[in-house]
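Written out below as structure tokens is the structure these notes cover.
Fair warning: this is a prediction, and the values are worked out from it, not measured in the lab. Just so you know, these numbers use all the heavy atoms, side chains as well, and skip hydrogens, waters and symmetry mates.
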Amino acid sequence: MGTAGTGADATVRERRQLINVAYRLLGSLAEAEDAVQEAYARWYALPPGRQAEIVSPGAWLTTVTGRVCLDVLGSARARRERYVGAWLPDPLPAHAERDRGHGADPADQMVLDESVTMAFLVVLESMTPAERVAFVLHDVFRYPFAEIAGVLRRTPAACKQLAASGRRRVRDARVRAAPAVQADVVRRVKAAWEAKDIAALVDLLDPAAVMTADGGGMVGAVLRPVEGGSRIAQYMVAIADKAPGLELLERSVNGVPGLVARRGGAVMTVAAFDVAEGRVSRIWAVRNPEKLRPWVG
């Protein structure tokens, strides 16, 4: 794992990779940053002689980051049971849409690909901590099972089985629509939402669609998923009625077309969509202000 070398330069170069690994493992930018910081703290706490013995600081840092993330994942269920309403992964803006004044933000380190789409991250949330670590490290980052075994403290064969189990969960999830198709559907949803056209929204939503909102108890948000295209359409129009001056913007959310709702110039909601067969099947609406910090420009 990582690159070979010694000294400060070798460890600093690993930061981008570590942030990318930790975010996919945890779904939270803040927790990913904390995990990477902890790994670096442990590295710099090593005696100089011990550091010199480590052939690949990157491998060492990745192993420690993976173990820290594993511990965080182990306690996440209890923490999320105390979370007000549904918990969703942090939404990420495209680099071109970020305020350049936030260069130190971990979001600037993120590589946006299919492994960070909201749909993919939600599937990762369904895995056990060990499955998630094995699957992400092997299938996303191509680390060998012999090295993953050092993170999980299990045999390579056991890690291979864990990754295979995670792979089945991903395979069973619905295949995402092509970006051009998703962009067209999201654009039409935006137009129908702005027009408060319930009939048009119902036509764009799968009858079995589900909308999940994450307000974290800090802002108003429905606490349970809204199920059914008709109910979601009515809910969306009700939101528009209660928020005059709401501005909808087409933006990349975790690398795929989504919508950002602003009011008075402030970002209120970031919405990610899953589209299948030309209709929206899932909407994930993040409203928790703490998760919207990368969107503040």
Side-chain angles (χ1 to χ4, degrees), residues 85-86 88-99 112 117-119 122 174 176-216 218-289 291-297:
L88 291 174
D90 291 5
L92 299 175
H95 297 298
E97 296 166 0
R98 283 183 48 71
D99 176 6
L112 301 180
T117 65
M118 194 64 71
V122 168
R174 183 176 294 178
R176 182 166 51 89
V181 173
Q182 176 141 341
D184 178 66
V185 172
V186 170
R187 187 171 299 114
R188 289 157 60 197
V189 167
K190 173 180 178 291
W193 196 355
E194 289 174 329
K196 301 180 183 179
D197 188 337
I198 291 179
L201 285 170
V202 169
D203 188 54
L204 289 165
L205 294 163
D206 187 292
V210 178
M211 184 186 74
T212 304
D214 177 349
M218 303 180 70
V219 296
V222 61
L223 297 180
R224 295 183 180 180
V226 180
E227 301 180 353
S230 179
R231 291 186 63 201
I232 294 172
Q234 293 175 44
Y235 182 79
M236 292 171 72
V237 170
I239 291 175
D241 284 336
K242 293 178 180 179
L246 193 68
E247 179 186 18
L248 298 177
L249 305 171
E250 294 178 49
R251 292 290 185 267
S252 171
V253 180
N254 288 58
V256 295
L259 292 176
V260 171
R262 294 194 312 193
R263 191 179 186 192
V267 174
M268 309 299 293
T269 304
V270 173
F273 299 81
D274 197 17
V275 175
E277 299 180 356
R279 304 179 96 177
V280 174
S281 58
R282 292 294 303 266
I283 302 175
W284 297 282
V286 180
R287 303 201 68 230
N288 184 338
K291 297 186 178 186
L292 300 181
R293 288 175 181 170
W295 298 84
V296 177

Working to the nearest 0.5 Å, report the span between [atom1] of [X] and [atom2] of [Y].
X: Asp184; Y: Arg187; atom1: CG; atom2: CZ; answer: 6.5 Å
X: Thr212; Y: Leu223; atom1: OG1; atom2: CG; answer: 12.0 Å
X: Arg231; Y: Met236; atom1: CZ; atom2: CE; answer: 14.5 Å
X: Met211; Y: Glu227; atom1: CE; atom2: CD; answer: 11.0 Å
X: Leu259; Y: Lys190; atom1: CG; atom2: NZ; answer: 7.5 Å
X: Asn254; Y: Met118; atom1: CG; atom2: CE; answer: 4.5 Å

Mind checking whether [X] and [Y] have side chains closer than 4.5 Å, heavy atoms only?
X: Pro91; Y: Trp295; value: yes
X: Val280; Y: Asp206; value: no
X: Val267; Y: Val296; value: no
X: Gln234; Y: Leu201; value: no
X: Asp90; Y: Leu292; value: no
X: Leu112; Y: Leu92; value: yes
X: Arg279; Y: Val185; value: no
X: Val253; Y: Pro93; value: no

Does [X] use its side chain to pair, donor to acceptor, with the backbone of [Y] at less than 3.5 Å?
X: Gln182; Y: Phe273; value: yes
X: Ser281; Y: Asp274; value: yes
X: Lys291; Y: Leu88; value: yes

Heavy-atom pair with the smallest gap, counting every atom of [X] and [Y]:
X: Gly265; Y: Arg262; answer: O-CD, 4.1 Å
X: Val186; Y: Pro257; answer: CG2-O, 3.8 Å
X: Val286; Y: Pro89; answer: CG2-O, 4.0 Å
X: Val202; Y: Ala233; answer: CG2-CB, 3.7 Å

Derivation of the salt bridge (charged side-chain N to carboxylate O under 4.0 Å, His left out) call for Arg287 and Asp214 | CA-CA 6 Å; Arg287 303 201 68 230; Asp214 177 349; over 6 Å; no
N-O pairing of Glu247 and Arg263 below 4.0 Å | no
